[in-house]
Amino acid sequence: QVQLVESGGGLVQAGGSLRLSCAASGGIFNINVMGWHRQAPGKQRELVAAMPSGGRTNYADSVKGRFTISRDNAKNTVYLQMNSLKPEDTAVYYCYANIQNIQLIRSEYWGQGTQVTVSS
């Protein structure tokens, strides 16, 4: 019954900011990785940012210097602060987590997706 619930998407003008959040809940033993992917129409889903537990954060080149990923481990929550947004950032953003549940089974989980639209 592990699930990821996202919030924070919306419509913003170029140069603006949005903050996405994603909370994992239900039968969690350990979270190995939390991060964000996005998918624009007609495009492959791509990694935006990831934060492995005990590892180095990873950003897509296109968002370096503009986006910041952070985690609140006590709340099993990951955030994506998006600044200086560009129209090409328009996509559905999906929260991602690699989670070991209380049955000790590791699985990948995805949030429901949240639309981010950046107007010019």
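What you see is a predicted model; the values in this text were computed from it and never measured. Here, residue 1 is the first one in the sequence, and each next residue gets the next number.
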Revision key, fill the gap. Distance col, row Ile102:CD1 vs Ile28:CD1, nearest 0.5 angstrom, shows 10.0 Å
Point to revise | Whether over 12 other heavy atoms sit under 6.0 Å from Gln44 CD | key: no
**Study point:** Nearest-0.5 Å distance that lies between atom OG in Ser107 and atom CD1 in Ile99
**Key:** 9.0 Å
Exercise for review: Would you give the length of the straight line joining atom CD of Glu6 to atom SG of Cys95, rounded to the nearest 0.5 angstrom?
Suggested key: 5.5 Å
Practice item. List for me each residue that meets side-chain contact (heavy atoms from CB on, under 4.5 Å) alongside Val33, sequence neighbours excluded, and say none if there are none. Key: Ala50, Pro52, Tyr96, Asn98
Point to revise | By side-chain contact (heavy atoms from CB on, under 4.5 Å) - contacts of Lys43 (at least two apart) | key: Ala40
Review point. What is the minimum heavy-atom distance between Ala14 and Ser120, and which atoms define it?
Key: CB-CA, 4.3 Å
**Study point:** With sequence neighbours excluded, residues passing side chain to side chain donor-acceptor pair (under 3.5 Å) with Glu88
**Key:** none
Exercise for review: Mark yes or no for whether Gln100, through its side chain, and Asn30, through its backbone, hold a donor-acceptor pair below 3.5 Å.
Suggested key: no
Practice item. Search all heavy atoms of Ser53 against all heavy atoms of Ile31 and return the closest pair with its distance. Key: OG-O, 2.8 Å
**Study point:** Heavy-atom closest pair, residues Leu4 and Tyr109
**Key:** CD1-O, 3.4 Å
Exercise for review: Determine, stepwise, if the pair Thr68 / Leu80 fulfils side-chain contact (heavy atoms from CB on, under 4.5 Å).
Suggested key: CA-CA 6 Å; Thr68 303; Leu80 186 68; over 6 Å; no
Side-chain donor/acceptor pairs under 3.5 Å, residues 15-26, sequence neighbours excluded:
unit_1	atom_1	unit_2	atom_2	d
Ser17	OG	Asn83	OD1	2.8
Ser21	OG	Ser7	OG	2.8

Check your understanding: Going only through I, L, V, M, F, W and Y residues with side-chain contacts under 4.5 Å, is there a path from Tyr79 to Trp36?
Key -> no
Check your understanding: Shared ILVMFWY cluster between Met34 and Tyr59, side chains joined below 4.5 angstrom?
Key -> yes
Point to revise | Close side-chain approach of Val116 and Thr90, heavy atoms under 4.5 Å | key: no
Exercise for review: Using modelled atom types only, decide if a donor and an acceptor are shared between the side chain of Arg71 and the backbone of Met51 within a distance under 3.5 Å.
Suggested key: yes
Exercise for review: Applying side-chain contact (heavy atoms from CB on, under 4.5 Å), name anything that partners Ser62, two or more places apart in sequence or on another chain.
Suggested key: Arg38, Ala60
Check your understanding: Below 4.0 angstrom, N of the basic side chain to O of the carboxylate: do Lys86 and Asp89 qualify?
Key -> no
Practice item. Check the hydrophobic clustering (I, L, V, M, F, W, Y; side-chain heavy atoms under 4.5 Å; chains of links allowed) and say if Phe67 and Val118 are grouped together. Key: yes
Check your understanding: Who are the side-chain contact (heavy atoms from CB on, under 4.5 Å) partners of Val92, not counting sequence neighbours?
Key -> Tyr94, Gln115
Review point. Going only through I, L, V, M, F, W and Y residues with side-chain contacts under 4.5 Å, is there a path from Tyr93 to Trp110?
Key: no
Exercise for review: Work out which heavy atom in Leu85 is nearest to a heavy atom in Arg66; give both atom names and the distance.
Suggested key: CA-NH1, 3.9 Å
